[in-house]
Amino acid sequence: MTSKLGASPLLRRVLIGTGVGLSVLLLLTPLLLIFIAAFSAGIGGVISNLRDADMLHAIGLTLLVAGLTVPINLVFGTLIAWCVTRFTFPGRRLLLTLIDIPFAVSPVVAGLLYLLLYGSNGPFATWLDAADVQLMFAWPGLVMVTVFVSCPFVVKELVPLMSTLGTEQEEAAVLLGASGWQVFWHITFPNIRWALLYGVILTNARAVGEFGAVSVVSGTIRGQTNTLPLHIELLQQDYNATGAFIAAALLTLMAIATLVVKAILQWRLQRDH
Amino acid sequence: MRKLILVAGLLASSLSVASAKELLNSSYDISRELFAEINPLFVAHWQAKTGETLTINQSHGGSSRQAQAIIQGLRADVVTFNQSSDIDVLHQRGNLLPANWRERLPNNASPYYSTMAFLVRKGNPKNIQDWADLTQGDVSLVFPNPKTSGNARYTYLAAYGAAKQRLGDDAARNWMVDFLRRVVVFDTGGRGATTSFIERQLGDVLITFESEVNNIIAQYPDLELQRVVPATNVLAEFPVAWVDRNVTRNGTAEQAKAYLEFLYTAEAQQLLANFFYRVHHPEVIAANADKFPQTNLFTVEQVFGDWEKVHTDHFANNAELDKLLAEGRRSR
């Protein structure tokens, strides 16, 4: 059957044409429309919207959240992957399953869980109050939920790779007298660095674009706890469609940049193996 | 590295801001433009009076959702809502302010009010003048879902109250079945309903607050939409309060109280009138008389009892609203 399918040039063209056509219609056109709508008020409109203090703050806050989330999950993810692939201990499989929880639950649920735990009615409320620490409805809360929803990415990239790499090289290094830190730095890290970077990029993409969980714990205070995805919704509700599309275009640009870096890395990863 | 510097900068700036006096106003979702103009006025007023520089931050959302966030720890100093029951919740579930918050400021702690109005398409082709016209011929309606939107709860109560006066209780009930049957789509909030009416071109009449109707007309001048204010109508209060527990903690009790009292001054009331909210200040009323058609306003309490009763009688599951909707579906 397959050889017959491939043999008919007409059918092949129709199939490829349909595939390309659908991709253009479903993926490319909406993307283009975002940029067309963003520039509908001209360059001047784009500049004045971008210079708006709330917009600038939303961009800065989004970068802050991503900038804190990525290193936290980088360290956390590497540690977990190291534990799981280099040691056998009871509960190892359970740990691997637990890591998937942030992907399995809806982000809104994640946000609500954090609100219940760290909000005014939560078990830590009196302690947080006494110390005058505001976690929810402030930037620390945004970082906390973003770390939660994006924590599996690095682990998920590292675990399969580190399992296939095996432990022979590291064992050899230990036998030759290398310290734990030297083993990681000179043996493990060079082997996993591309996968690590790939995990970082996915984490970053998720951190920048997260809406659901952040929306629950943000309180949407303009100029204080409003990230770029939340700002898009607010601008839309203000009847400022152009502003909303400009913010959306910015997020899209970040996503495209991420995709380009990801493609380059994927190519390098394949070449290295 | 550059990211790190940026992070450090942001942290530093957020810390330095925290040391200056700040007020957080938690408000309903369509009041942004309004407070964007009122806040600078008050900041200037406060600066002239005390020499202190204030920053006023805004948070906007559905007012029930906003109340929920405050109960869970959002440190809003003042609330400016469109449903008094949402302020009562702050007392009942969080004890964040006293039960008698209505008595702390004039006019039931409601510095401005509004009523419901119809937005009709160019030239008013279906000739809509009053509630009774909404059930003539094939007229179709758009307003949000009364279950999720305070705005729509007022629409429902205004329509029902006016029908009771016009037709008596039994006939009013039948009229309500017909009225609700004509709603093309129940969006979850006011702005969603506006999108359905404007962008999706659904329905002949959009029903929302008078202030919002005027706002929409101004936003879409090309469509030449028209406003119709029915003669018998509901009084929709916009209650305000300072949140005692938060102002004590933030040390902003004085500022929060002054901010809300400022809403009653002629200066602020004129601004409110510019946004087509009805106000109490006699001079401002006289100066803006032509903006607001004379209407016969009833309060929700007069016709339906207090809000808790209104909720159990009308908006709870399987209460009057659900029954009316079910009857409408059966008769179709």
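Values reported hereafter were calculated over all heavy atoms of this structure, with side chains retained and with hydrogens, waters and symmetry mates removed. As the structure is a computational prediction, the values presented were derived from the model and not from experiment. Throughout, a chain's letter reflects where its sequence line sits, starting with A, and its residues are numbered from 1.
- Counting non-hydrogen atoms of neighbouring residues, nucleotides and ligands closer than 6.0 angstrom, the CZ atom of A:Phe245 reaches no more than 12 such neighbours.
- With a 4.5 Å cut-off on side-chain heavy atoms, B:His60 and A:Arg222 count as touching.
- Contacts between residues 105-127 of chain A and chain B, defined by a heavy-atom separation under 4.5 Å, are made by A:Leu115, A:Gly119, A:Ser120, A:Asn121.
- Neither the backbone nor the side chain of B:Ser26 comes within less than 4.5 Å of any heavy atom of chain A.
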For residues 140-148 of chain A, tabulate all N or O donor-acceptor pairs below 3.5 Å that involve a side-chain atom, not counting sequence neighbours.
unit_1, atom_1, unit_2, atom_2, d
A:Thr146, OG1, A:Leu142, O, 2.6

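- For residues 205-219 of chain A, heavy-atom neighbours of chain B at less than 4.5 Å comprise A:Ser215, A:Gly219, sorted by residue number.
- There is no contact between A:Asn240 and chain B, counting heavy-atom distances below 4.5 Å.
- Side-chain contact between A:Gln224 and B:Glu22 is present, with heavy atoms from C-beta onward closer than 4.5 Å.
- By the 6.0 Å contact criterion, CD on B:Gln47 is enclosed, its count of non-hydrogen atoms from other residues, nucleotides or ligands being greater than 12.
- Expressed to the nearest 0.5 Å, how far CG of A:Asp54 lies from CD of B:Gln58 amounts to 10.5 Å.
- Annotation: residues 65-82 of chain B contacts chain A through B:Arg65, B:Ala69, B:Ile71, B:Gln72, B:Gly73, B:Leu74, B:Arg75 [non-hydrogen atoms, separation under 4.5 Å].
- Annotation: maximal heavy-atom pairing with chain B below 4.5 Å, among A:Asp129, A:Leu234, A:Leu135, occurs at A:Asp129.
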